[in-house]
Structures are given as C-alpha cells and as structure tokens.
Amino acid sequence: MLQITDIRLRTIEGQNKLKAVASITIDGEFVVHDIKIISGSRGLFIVMPSRKTAEGDYKDIAHPINSETRLRIQDMILDRYRKEIMES
C-alpha cells in the first residue's frame, strides 16, 4: 500500500470557499500538487488537481482510483489542515 510520507499546506486568506492548497508526497518519491481544500455546505472536502477542457468542464489531472483511497487521502489532508489552523 502506498504511504503518504509528507503533506504541505498553503492556507489561503480572504477566499470564501477555498481554504488551502495541499501537496502530498507518496512513499517519499512522488508528489501531487494543487489539491484544494474547500469549505462546502457539508463541511471541508478536497478537490484533486484539474484542468479546464475546451468545453469548459474540469477534468482531474491526478486522482485516486477508488473511494477508500480518496477518503484516506482526504482524512490525512484535513487532519493536517485542522491541526495547523488550531496552532495558528
């Protein structure tokens, strides 16, 4: 199983919904940048890095293959975000 070995956050001030942008390192060898932390009506969630298509839709550039992995990544990122917010 792949392990997230580092999480880096850049908090965003002055935005309504966008709270931070995260980068994760997997197994100390692979990095995924620009994972957004969003505040929605049901609480915080993550949005994987994406690009805008010619049709105006957004398509993920990198994403987990299954929901269990997505939840594990989301939980780790949001835990780190909450700790940083409490410390500041």
Side-chain angles (χ1 to χ4, degrees):
M1 176 188 300
L2 295 174
Q3 296 296 315
I4 296 175
T5 53
D6 189 32
I7 299 172
R8 299 188 185 225
L9 293 175
R10 180 173 42 94
T11 57
I12 308 294
E13 301 291 330
Q15 294 282 335
N16 287 339
K17 295 183 181 202
L18 179 62
K19 299 300 178 188
V21 178
S23 295
I24 60 171
T25 303
I26 301 168
D27 289 337
E29 298 182 6
F30 187 82
V31 177
V32 179
H33 294 290
D34 296 328
I35 301 170
K36 295 175 183 71
I37 298 175
I38 305 292
S39 178
S41 60
R42 295 176 145 174
L44 295 172
F45 63 95
I46 64 168
V47 176
M48 297 305 289
S50 61
R51 65 178 172 82
K52 194 171 187 177
T53 66
E55 294 79 29
D57 299 323
Y58 287 90
K59 183 148 179 86
D60 285 350
I61 295 170
H63 60 87
I65 297 298
N66 57 56
S67 59
E68 293 84 17
T69 302
R70 180 180 198 77
L71 284 175
R72 186 166 52 97
I73 292 170
Q74 178 169 277
D75 288 347
M76 291 179 76
I77 291 172
L78 293 181
D79 285 349
R80 175 67 58 87
Y81 173 75
R82 288 180 182 111
K83 284 178 188 172
E84 285 199 17
I85 293 301
M86 292 177 91
E87 291 174 2
S88 60

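Computed from heavy atoms alone, side chains included, the values below leave out hydrogens, waters and symmetry copies.
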In this structure, CD of Glu68 is separated from CE of Met1 (nearest 0.5 Å) by 10.0 Å

When rounded to the nearest 0.5 Å, the distance separating CD1 of Ile85 from CG of Leu78 is 11.5 Å

Full working for side-chain contact (heavy atoms from CB on, under 4.5 Å) between Ile4 and Thr25: CA-CA 6 Å; Ile4 296 175; Thr25 303; over 6 Å; no

Hey, could you give me the CD/NZ distance between Glu13 and Lys19, rounded to the nearest 0.5 Å? 8.5 Å

Contact summary for Ile77 and Ile37, nearest pair of heavy atoms: CG2-CD1, 3.6 Å

Could you check whether atom CG of Asn16 has more than 12 heavy atoms from other residues, nucleotides or ligands sitting under 6.0 Å from it? no

Would you compute the distance between atom CD of Glu29 and atom OG1 of Thr5 and round it to the nearest 0.5 angstrom? 8.5 Å

Closest contact, heavy atoms only, Tyr81 versus Thr11: CE1-CG2, 4.2 Å

Quick one: do Asp6 and Arg8 satisfy salt bridge (Lys or Arg N to Asp or Glu O under 4.0 Å)? Show the steps, please. CA-CA 7 Å; Asp6 189 32; Arg8 299 188 185 225; 2.6 Å; yes

Evaluate the side-chain proximity of Ile38 to Leu18: yes if any heavy-atom separation is below 4.5 Å, no if none is. yes

Is there a side-chain contact between Ile35 and Pro49, using heavy atoms and a 4.5 Å cut-off? yes

So, Asp27 side chain and Gln3 main chain: donor-acceptor pair closer than 3.5 Å or not? yes

Taking atom CD1 of Ile46 and atom NZ of Lys36, what is their separation to the nearest 0.5 Å? 11.5 Å

May I ask you to decide if Ile7's main-chain N or O and Arg80's side chain share a donor-acceptor pair within less than 3.5 Å? yes

Treat each ILVMFWY residue as a node, draw an edge where side-chain heavy atoms are under 4.5 Å apart, and state whether Tyr58 and Ile61 are in one component. no

Report the C-alpha distance between Leu44 and Arg82 in whole Å, list the side-chain angles of each, state the deciding distance to 0.1 Å, and finish with yes or no for side-chain contact (heavy atoms from CB on, under 4.5 Å). CA-CA 10 Å; Leu44 295 172; Arg82 288 180 182 111; 4.1 Å; yes

Closest heavy-atom pair, Ala62 versus Met48, reported as atoms and distance to 0.1 Å, is O-CB, 3.3 Å

Rounded to the nearest 0.5 angstrom, the NE2-CD1 distance for His63 and Ile73 is 11.0 Å

Ile24 and Phe30: same hydrophobic cluster, using ILVMFWY side-chain contacts below 4.5 Å? yes

Above 12 or not: heavy atoms from other molecules or residues under 6.0 Å from CZ of Phe45? yes

For Ile12 versus Ala20, what's the shortest heavy-atom pair and its separation? CG1-CA, 3.9 Å

